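Written out below as structure tokens is the structure these notes cover.
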Amino acid sequence: MALQRIARQVIPVALLASLLGGAIYATRGARLEPADFVFNNGTEVQTLDPATVTGVPEGRAIRMLFEGLLVSHPETLEPLPGVAERWEVSDDGLEYTFHLRHDALWSNGDQVTSADFMWSFERFLDPQTAAEYAYMLWYVEGAEAFTTEVEDGRAVHGFDTVGITAPDEYTLRFRLKAPTPFFLELMAFYPMFPVNRRNIEEAQERFPDRWQQQWLRPENIVCNGPYVVEFRRVNDRIRFVKNPSYWDADNVAFETVDALAVESYTTALNLYLTGECHWIDVPPANVIQELMPREDFNPIPYLGTYFYRVNVTKPPLDDPLVRRALSLTIPRKDICEKVTKAGQVPAYALVPPGLAGYTNANMPHGASYEADVAEAKRLMAEAGYGPGGKTFPTIEIHYNTADAHMQIALVIADAWSKYLGINAKLLNQEWKVYLDTQSNVGYDVSRSAWIGDYADPNNFVDLFVTGGENNKTGWGNADYDRLVRDAAAELDPAKRMAMLQAAEAILVDELPVLPIYNYVTQTTFSPRLGGYFPNVKDEHFPKFWYWMDEEELAAKRAGHMGRDDMQAVEAWGPKAGLYPPAHPKGRARASNEGPPLNEAPPLNEEGGD
């Protein structure tokens with residue numbers, strides 16, 4: 001069966017890796033009790049501060065620890081009550097009122113109140129926080145001016161000029177500049193999650209020079225989500241334990257969850273195939289075809305684009321002719337069919353296709369790759385490079401550590417060398433260093449991606465306004481900025497979409513970013529995992545997860561009977577299931593003695609801080 005074929009193909013590679021780096025999983029420290037659920041987060045997280053991160057790995061961890069006004073339905077992504085138990089929207093769409101539940105607590109026992117959100121939103125928008133996502137709250141009256149109008153590094157205006165108010169301890173009200181159809185989605189997005197003021201201020205008092213790190217340490221951090229941090233071992237894992245103070249704890253099944261920081265796709269897959277990990281986000285490309293028939297691998301399109309950022313401040317990459325030539329010679333079809341192999345689609349625009357009411361503005365390209373190469377050579381000659389022209393300097397393709405990113409970079413570097421005579425070297429950096437390099441525009445061409453935070457083209461187009469925190473290219477265009485700004489205030493949906501399309505047309509004409517492909521989900525997870533659904537944002541929410549028992553698993557598999565090619569695989573997790581206390585099966589389980597709930601093979605501990 002496919003499971004055995006894949007295991008034979010990949011496990012020897014992981015064994016070699018374990019011999020070379022055995023300290024990671026075998027030789028340091030005593031064996032840990034296995035967690036109820038283990039997933040691979042793909043890298044070491046940069047921080048656990050909701051206000052200051054933008055990465056997918058960080059988002060996964062933060063959803064374990066914190067909760068905002070709203071949460072997302074695990075399948076439909078529709079807004080559900082979080083700290084806010086209900087809300088109203090005014091008829092004109094400009095005012096949102098949220099009513100907070102009275103039983104929401106911080107893990108230190110403090111009540112979660114509207115004051116926590118007021119303080120957290122002020123901190124998030126404060127220019128001294130330098131939150132990359134601060135612009136996402138600029139739909140609120142006064143928020144943009146509070147963040148951007150600065151004197152000596154401090155906000156000129158008081159927070160009372162921002163359209164966020166707290167009429168009482170359990171009510172929060174927002175006044176928007178214009179109707180914002182995705183505002184509820186934003187309230188379920190992790191940068192909008194509150195943090196505990198007392199937690200941070202006590203850290204500032206105790207550790208005046210190190211408080212930014214100290215308040216986030218496992219022994220200090222205060223959370224309001226379904227889990228808290230038990231320990232964190234750098235480059236190994238974060239262990240989360242269930243938060244008994246969480247308002248919805250009776251509906252949380254897993255007592256312990258491990259988030260591994262394994263960067264190697266091959267190692268991660270082998271951990272999954274041997275039951276030491278129950279969910280991985282990306283398998284190695286060379287086994288995807290064998291994974292396709294399996295019940296635990298079901299790729300679907302999702303709201304994301306893989307692209308390269310270009311440092312437009314650095315000659316000769318400041319020339320749009322050069323950037324167009326680079327983009328045209330990217331062999332997108334080969335990358336999708338021979339490298340990624342999971343159904344990814346070549347991209348010629350930044351915004352993923354399929355958003356309701358929106359038509360992409362694709363970069364001009366020919367009917368064939370050969371035609372694109374010919375046009376690219378012409379553009380390079382026009383820019384003064386090529387035979388009889390100037391020598392093009394060596395450039396670097398910058399990417400974060402991952403097998404697939406390296407393989408894609410090699411294919412693109414080869415094409416640029418073969419067709420344009422450009423020598424492109426590869427520069428690999430681990431996640432934190434990579435993010436810093438990109439933020440400082442300290443690269444030539446940098447591997448990038450954007451996964452939609454909400455289902456609207458604005459979420460992609462808004463990235464590249466002049467000076468935007470997530471721009472990171474040095475590019476700016478006044479007409480582009482005006483279109484994005486006008487679209488934010490436009491009440492007519494069709495006109496708004498047309499403005500965003502016109503802005504995207506400018507972007508794909510000047511190409512500070514080189515679109516490569518649109519994503520599909522590649523998560524591989526135990527068929528026994530309940531409360532987990534593939535969705536267009538590939539976002540998943542731990543408070544809903546549980547282990548199915550044999551009866552529920554059999555019913556789930558019976559629903560796949562229409563697929564003749566579906567291959568059943570080993571379903572990791574306890575055969576008796578593991579349900580939340582509020583579930584009838586959870587209550588029954590708690591009242592009966594039985595074997596240990598977690599039947600997966602144990603994980604080993606790794607030493608370190």
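Predicted, not measured: the structure shown is a model, and the values here were computed from it. Side chains are part of it too, since the values below use all heavy atoms of this structure and drop only hydrogens, waters and symmetry mates.
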(message) side-chain hydrogen bond (donor to acceptor under 3.5 Å, both in side chains) for E539 and Y190? Distances and angles first, verdict last.
(response) CA-CA 11 Å; E539 281 187 0; Y190 64 81; over 6 Å; no
Checking side-chain polar atoms at under 3.5 Å, does [X] have a donor or acceptor matched by the opposite partner on [Y]?
| X | Y | value |
| --- | --- | --- |
| D248 | N251 | yes |
| E78 | S72 | no |
| W138 | T147 | yes |
| N518 | Y302 | no |
| H405 | D403 | no |

(request) Could you point out which residue of W547, W572, Y532 forms a ring pair (Phe, Tyr, Trp, His ring centres under 6.0 Å) with H278? (result)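 Considering W547, W572, Y532, a ring pair (Phe, Tyr, Trp, His ring centres under 6.0 Å) with H278 is found only for W547.
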Taking the six-membered ring for Trp, are the ring centroids of [X] and [Y] within less than 6.0 Å of each other?
| X | Y | result |
| --- | --- | --- |
| F182 | Y454 | yes |
| W545 | F37 | yes |
| W279 | F525 | no |
| F307 | W450 | no |

(request) Please determine which of L48, V228, V229 meets the side-chain contact (heavy atoms from CB on, under 4.5 Å) test together with P218. (result)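 Answer to the side-chain contact (heavy atoms from CB on, under 4.5 Å) test with P218 among L48, V228, V229: V229.
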Is it true that [X] and [Y] have a side-chain N and a carboxylate O under 4.0 angstrom from each other?
| X | Y | result |
| --- | --- | --- |
| E295 | K556 | no |
| D49 | R123 | yes |
| D116 | R197 | no |
| E44 | K432 | no |
| E132 | K472 | yes |
| D281 | R60 | yes |
| K585 | D549 | yes |

(message) Taking the six-membered ring of W211 as reference, does the cationic atom of R206 (NZ for Lys, CZ for Arg) lie under 6.0 Å from its centre and within 45° of its axis?
(response)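 No, a cation-pi geometry is absent between R206 and W211.
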(request) Under the side-chain hydrogen bond (donor to acceptor under 3.5 Å, both in side chains) rule, what do Q438 and S448 come out as? Steps first, then yes or no, please. (result) CA-CA 9 Å; Q438 198 174 83; S448 304; 3.2 Å; yes
(request) Search all heavy atoms of F193 against all heavy atoms of G68 and return the closest pair with its distance. (result)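 Shortest heavy-atom contact: CD2-N, 3.3 Å.
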(request) Of all the heavy-atom pairs spanning G55 and W431, show the shortest one and how long it is. (result)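 Distance-wise, the nearest heavy atoms are CA-CZ2, 4.1 Å.
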(message) If you count heavy atoms of other groups shown closer than 6.0 angstrom to CD of E219, is the number above 12?
(response)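 Yes, enclosed.
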(request) Any chance you could lay out the side-chain hydrogen bond (donor to acceptor under 3.5 Å, both in side chains) test for Y519 and D538, step after step, and finish with the verdict? (result) CA-CA 10 Å; Y519 276 99; D538 203 27; over 6 Å; no
